[in-house]
2 protein chains.
Amino acid sequence: MRSSRQRDAVLEVLRASCDHPTADIIFERVREQIPNISLGTVYRNLGQLKDEGFITVVESSDTKVHYEGNLSDHIHFLCKNCHNITDIFCETKIPSVLTDMGHKVQSQKTVYYGVCKDCRDNIN
Amino acid sequence: MRSSRQRDAVLEVLRASCDHPTADIIFERVREQIPNISLGTVYRNLGQLKDEGFITVVESSDTKVHYEGNLSDHIHFLCKNCHNITDIFCETKIPSVLTDMGHKVQSQKTVYYGVCKDCRDNIN
DNA sequence: TTGCTAAGTAGTAATGATTACTATTACTGT
DNA sequence: ACAGTAATAGTAATCATTACTACTTAGCAA
């Protein structure tokens with residue numbers, strides 16, 4: 001993988017994003033720097049960056065894939081009302097059942113679902 | 001939601017499945033009982049069953065949505081090699097950080113990624 | 001029972017996120 | 001500078017899922 005302005009921009013945008021943007025949102029943001037970048041280029045680079053371990057994917061409730069540039073160990077809280085994804089930094093430990101079963105664990109993804117504080121305050 | 005043969009069959013198939021089938025796999029299996037069921041009917045019923053809380057959705061690495069009829073508290077292990085999803089029954093507890101932040105937690109989904117025992121044995 | 005009505009269905013068309021393709025461009029080592 | 005090859009822009013194709021429509025059926029009330 002050799003360097004390219006487009007891929008650098010995609011990674012930079014993702015690292016600067018505190019939300020968890022979809023490919024089309026990333027496309028919009030990168031276009032501010034590179035107006036004629038192609039959506040296909042964004043998708044291709046997101047795929048490569050994911051394969052190389054520079055970014056990760058967040059599963060959400062909508063049909064689009066969300067991306068994330070923050071690789072530090074954390075989990076997510078997804079609000080069923082506003083659909084915001086919040087990063088939650090807390091320690092995660094691998095259940096011994098898995099290793100006992102002989103599986104090799106490399107990574108994990110945890111998502112908690114519920115109603116966030118802001119939505120609770122606004123609803124009640 | 002009134003009863004329908006098609007929806008009953010979809011739920012029955014899903015409850016009898018120990019894998020985590022996609023809509024088209026469920027479609028195939030239900031067709032053994034109801035040969036002329038429509039794929040759209042399968043999708044619509046999966047959606048309703050999910051909304052009513054009878055089934056859940058499992059996020060995986062492929063583009064298709066996987067469904068699950070087993071509602072008991074458990075997590076998943078996804079093998080990066082064979083892509084099988086294994087149910088892991090172990091206790092899960094909500095991090096206090098979440099409730100401390102004022103969020104209301106209703107459910108959770110945890111997936112561990114790695115290489116399963118069978119694949120490790122075959123590869124090595 | 002019978003009729004009414006709204007929910008459900010089969011079959012098919014449409015949608016839309018993602019991927020593939022192709023001619024062209026731009027890194028990078030020699 | 002040049003060759004070789006990865007990367008790009010723009011566009012077409014894919015395909016899982018959803019929407020639509022005419023028809024059917026569950027379920028209730030007279």
Side-chain angles (χ1 to χ4, degrees), chain A residues 1-15 17 19-69 78 83 85, chain B residues 1-14 17 19-69 78 83 85 111:
Chain A
M1 193 165 68
R2 70 190 192 196
S3 90
S4 90
R5 197 163 72 95
Q6 288 83 347
R7 182 161 45 242
D8 291 349
V10 167
L11 184 55
E12 195 186 329
V13 159
L14 204 43
R15 283 184 173 157
S17 302
D19 53 350
H20 303 78
T22 56
D24 55 327
I25 301 286
I26 295 165
F27 177 51
E28 279 176 23
R29 292 180 189 169
V30 174
R31 269 212 283 197
E32 288 168 19
Q33 301 167 241
I34 307 173
N36 71 327
I37 192 173
S38 170
L39 179 58
T41 298
V42 172
Y43 271 106
R44 184 167 23 74
N45 283 320
L46 285 170
Q48 286 180 262
L49 289 167
K50 193 191 73 175
D51 292 345
E52 298 293 326
F54 291 106
I55 64 173
T56 53
V57 161
V58 187
E59 31 275 324
S60 80
S61 40
D62 62 26
T63 51
K64 299 180 188 177
V65 174
H66 291 250
Y67 294 89
E68 155 154 275
L78 202 156
H83 302 105
I85 303 170
Chain B
M1 193 164 70
R2 70 188 193 197
S3 90
S4 90
R5 198 162 73 94
Q6 288 84 346
R7 183 160 44 241
D8 291 349
V10 168
L11 184 55
E12 196 186 329
V13 159
L14 203 45
S17 303
D19 54 352
H20 303 77
T22 55
D24 56 326
I25 302 287
I26 296 165
F27 177 52
E28 279 176 24
R29 292 181 189 168
V30 174
R31 268 213 284 196
E32 288 169 17
Q33 301 165 240
I34 307 173
N36 71 328
I37 193 173
S38 171
L39 179 59
T41 298
V42 172
Y43 270 106
R44 184 166 23 75
N45 283 321
L46 285 170
Q48 285 180 259
L49 289 167
K50 193 191 73 174
D51 291 344
E52 298 293 328
F54 290 107
I55 64 173
T56 53
V57 161
V58 187
E59 31 274 325
S60 79
S61 40
D62 63 26
T63 52
K64 300 180 188 177
V65 174
H66 291 250
Y67 294 89
E68 155 154 276
L78 202 157
H83 302 105
I85 303 171
V111 187

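Note that the structure is predicted; figures quoted are calculated from it, not measured. Chain A is the first sequence line, chain B the second, and so forth, proteins listed ahead of strands; every chain is numbered from 1.
When the side-chain nitrogen and oxygen atoms of A:S3 are compared with OP1 and OP2 of C:dT28, one or more of them lie within a distance under 4.0 Å.
Among A:R29, A:R31, A:K64, the one residue that satisfies the salt bridge (Lys or Arg N to Asp or Glu O under 4.0 Å) test with A:D24 is A:K64.
With axes fitted over five pairs at each extremity, the angle between the ends of the helix from C:dT1-D:dA30 to C:dT30-D:dA1 is 40° (10° resolution).
First and last contacts of DNA chain D with chain A, using any nucleotide atom under 4.0 Å from a protein heavy atom and ordered 5' to 3', fall at D:dG4 to D:dG10.
Nearest heavy atom pair, residue A:I55 against residue A:L11, reads CG2-CD1, 3.7 Å. Closest of all the heavy-atom pairs between B:Q6 and B:I34 is CA-CD1, 4.0 Å.
For A:R44, the side chain to side chain contact (heavy atoms under 4.5 Å, CB included) partners at least two apart in sequence or on another chain are A:T41, A:Q48. Scored by the side chain to side chain contact (heavy atoms under 4.5 Å, CB included) test, A:E32 finds no partners at all (sequence neighbours excluded). Looking at residues two or more places apart in sequence or on another chain, you find a side chain to side chain contact (heavy atoms under 4.5 Å, CB included) between A:S61 and A:L78, A:H83.
Of the residues in residues 42-56 of chain A, those lying under 4.0 Å from DNA chain C by heavy-atom distance are A:Y43.
The CG atom of B:D19 sits 8.0 Å away from the CD1 atom of B:I25 when rounded to the nearest 0.5 Å.
When each of A:S38 and A:M1 is assigned the nucleotide of DNA chain D with its nearest heavy atom, A:M1 is the one assigned upstream, toward the 5' end. Comparing B:R2 and B:I37 by the nucleotide of DNA chain C whose heavy atom lies nearest to each, the residue mapping closer to the 5' end is B:R2. Each of B:Y67 and B:R5 was assigned the nucleotide of DNA chain D with the nearest heavy atom; the assignment lying further toward the 5' end belongs to B:Y67. Toward the 5′ end of DNA chain C lies the nearest nucleotide of A:V65, the other residue of the pair A:S4 and A:V65 mapping further downstream.
Within the 4.5 Å cutoff, the side chain of A:R7 has no heavy atoms near those of the A:F54 side chain.
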